*Asks:* 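One structure coming up, written as structure tokens, with questions to follow.
Each chain gets a letter, A, B and so on, in the order the sequences are listed, and its residues count up from 1. Note that the structure is a prediction, hence the values are computed from the model and not measured.
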Amino acid sequence: MPEGHLIHHFADRIRADLGGTEIRATSPQGKFDAGALDGRRLLDVRAAGKHLFYDVEDAPAVHVHLGMRGLFLHHPDPTTPARTGTRLRLANDDAAWDLIAPSACDLLDAAEVARILAKLGPDPLGPDDPAAAVTALRSFRGPVGAALLDQSVWAGVGNAWRAELLFLAHLHPRTPCADLSADQATALWELTRRLMALGRDAGQVVSDPTDPDERWVYRRATCRRCGTAVATAAVAGRTAHWCPAEQDEQVHALPTR
DNA sequence: GTGGCATGGACAT
DNA sequence: TGTCCCTGCCACA
């Protein structure tokens with residue numbers, strides 16, 4: 001679940017529930033020292049790609065990364081007991097938000113936060129910067145299927161989005177980025193922004209707005225559009241899914257640059 | 001009950 | 001490229 005759209009989704013919800021209020025911070029699991037945050041005001045909750053930051057008044061920032069297995073749990077009743085293994089609970093009188101199994105939950109100073117942000121490429125759910133996004137994608141040395149997972153190219157895309165976006169763009173995951181035309185790269189960026197924004201608001205991957213629970217190729221046996229058996233192979237170390245009938249290897253079909 | 005896999009990424013090699 | 005780490009879910013005994 002935790003690709004960039006969900007991180008933005010949770011940042012929006014947690015900000016709405018807890019932002020601007022004094023929070024109680026605890027670590028039911030005991031693996032995090034919440035003392036520096038407890039009783040202080042939560043100023044903001046920010047998402048950048050797959051990273052989330054809590055800005056707390058007069059305290060270091062909390063950097064959260066869910067990795068593959070982390071999750072946020074919302075409790076409308078803040079007295080609900082936390083499940084065992086809850087790394088961090090932030091609560092006020094109206095709600096509690098629990099963080100489970102993150103790959104990162106650290107207190108960072110401003111320089112360390114800046115260092116993380118500096119490594120990230122344009123975020124499709126951040127301010128629109130098509131020129132930077134297109135340049136980053138087209139100058140990547142490798143296939144587009146690897147570029148989309150590289151957070152320094154675009155920040156927030158994960159394996160599920162990679163599969164669905166490349167399907168909709170008719171791009172084979174092994175298409176070299178150097179072969180992408182500016183128009184293709186721009187179209188892919190715009191598609192990514194549009195769908196990930198729907199995904200952020202819905203709290204799930206949305207690759208067909210008319211049927212948000214469906215996928216075109218990701219983890220499917222057959223292509224939802226044409227029925228061809230979905231092909232899979234590791235691209236950049238993760239399983240890529242594509243429709244061999246609709247996503248040609250573009251070795252010869254070379255677009256204008 | 002067990003084992004394998006996974007929507008991620010850091011680090012060693 | 002391989003290894004490791006955070007846990008949940010599923011298929012299979």
*Asks:* Using the P atom in both, what is the distance from C/dG8 to B/dA10, to the nearest Å?
*Replies:* 22 Å

*Asks:* Rounded to the Å, how far apart are A/Met68 CE and B/dG8 P?
*Replies:* 7 Å

*Asks:* Using the test salt bridge (Lys or Arg N to Asp or Glu O under 4.0 Å), find all partners of A/Arg41 that sit at least two apart in sequence or belong to another chain.
*Replies:* A/Glu57

*Asks:* Which residue in the set A/Arg193, A/Lys50, A/His8 passes side chain to side chain donor-acceptor pair (under 3.5 Å) when paired with A/Asp123?
*Replies:* A/His8

*Asks:* Take the protein atom CG of A/Leu66 and the nucleotide atom C1' of C/dT7, then report the distance between them rounded to whole Å.
*Replies:* 12 Å

*Asks:* Can you check the distance between B/dT7 and C/dT1, where both ends of the measurement are the C1' atom (answer in whole Å)?
*Replies:* 22 Å

*Asks:* Name every donor-acceptor pair, under 3.5 Å, that has one atom in a side chain of residues 199-206 of chain A and the other anywhere in the protein, sequence neighbours excluded.
*Replies:*
unit_1   : atom_1 : unit_2   : atom_2 : d
A/Gln204 : NE2    : A/Pro212 : O      : 2.6
A/Gln204 : NE2    : A/Asp213 : OD1    : 3.0

*Asks:* Could you measure between the two P atoms, the one in B/dG4 and the one in C/dC4, and give it in whole Å?
*Replies:* 15 Å

*Asks:* Side chains of A/Trp189 and A/Leu137: does their closest heavy-atom pair fall under 4.5 Å?
*Replies:* no

*Asks:* Report all interatomic pairs (protein N or O, nucleotide N or O of nucleotides 9-13 of chain B) with separations under 3.5 Å.
*Replies:*
unit_1 : atom_1 : unit_2  : atom_2 : d
B/dG9  : OP1    : A/His65 : NE2    : 3.4
B/dG9  : OP2    : A/Lys50 : NZ     : 3.2

*Asks:* If the test is side chain to side chain contact (heavy atoms under 4.5 Å, CB included), which one of A/Leu88, A/Val64, A/Leu6 qualifies with A/Phe72?
*Replies:* A/Val64

*Asks:* Going from CD1 on A/Ile23 to CG on A/Leu37, what distance comes out if it is rounded to the nearest 0.5 angstrom?
*Replies:* 6.0 Å

*Asks:* Choosing from C/dT7, B/dG8, B/dA6, which nucleotide comes nearest the side chain of A/Asn159?
*Replies:* B/dG8

*Asks:* Rounded off to whole Å, could you give me the CD-to-P distance for the A/Gln204 and B/dT7 pair?
*Replies:* 17 Å

*Asks:* In whole angstroms, how far is the P atom of B/dT7 from the CD atom of A/Glu164?
*Replies:* 13 Å

*Asks:* How far, in whole Å, is C/dC5 from B/dT13 if one measures between their P atoms?
*Replies:* 15 Å

*Asks:* So, taking the atom named CG in A/Leu195 and the one named CG in A/Leu165, what distance separates them when rounded to the nearest 0.5 Å?
*Replies:* 6.0 Å

*Asks:* Through direct or indirect side-chain contacts below 4.5 angstrom among Ile, Leu, Val, Met, Phe, Trp and Tyr, which residues connect to A/Val134?
*Replies:* none

*Asks:* Polar atom pairs between nucleotides 8-12 of chain C and protein, under 3.5 Å, N or O only, would you list them?
*Replies:*
unit_1 : atom_1 : unit_2  : atom_2 : d
C/dG8  : OP1    : A/Arg83 : NH1    : 2.6

*Asks:* Can you list the other members of the hydrophobic cluster that holds A/Val235, where links are side-chain heavy atoms under 4.5 angstrom apart?
*Replies:* none

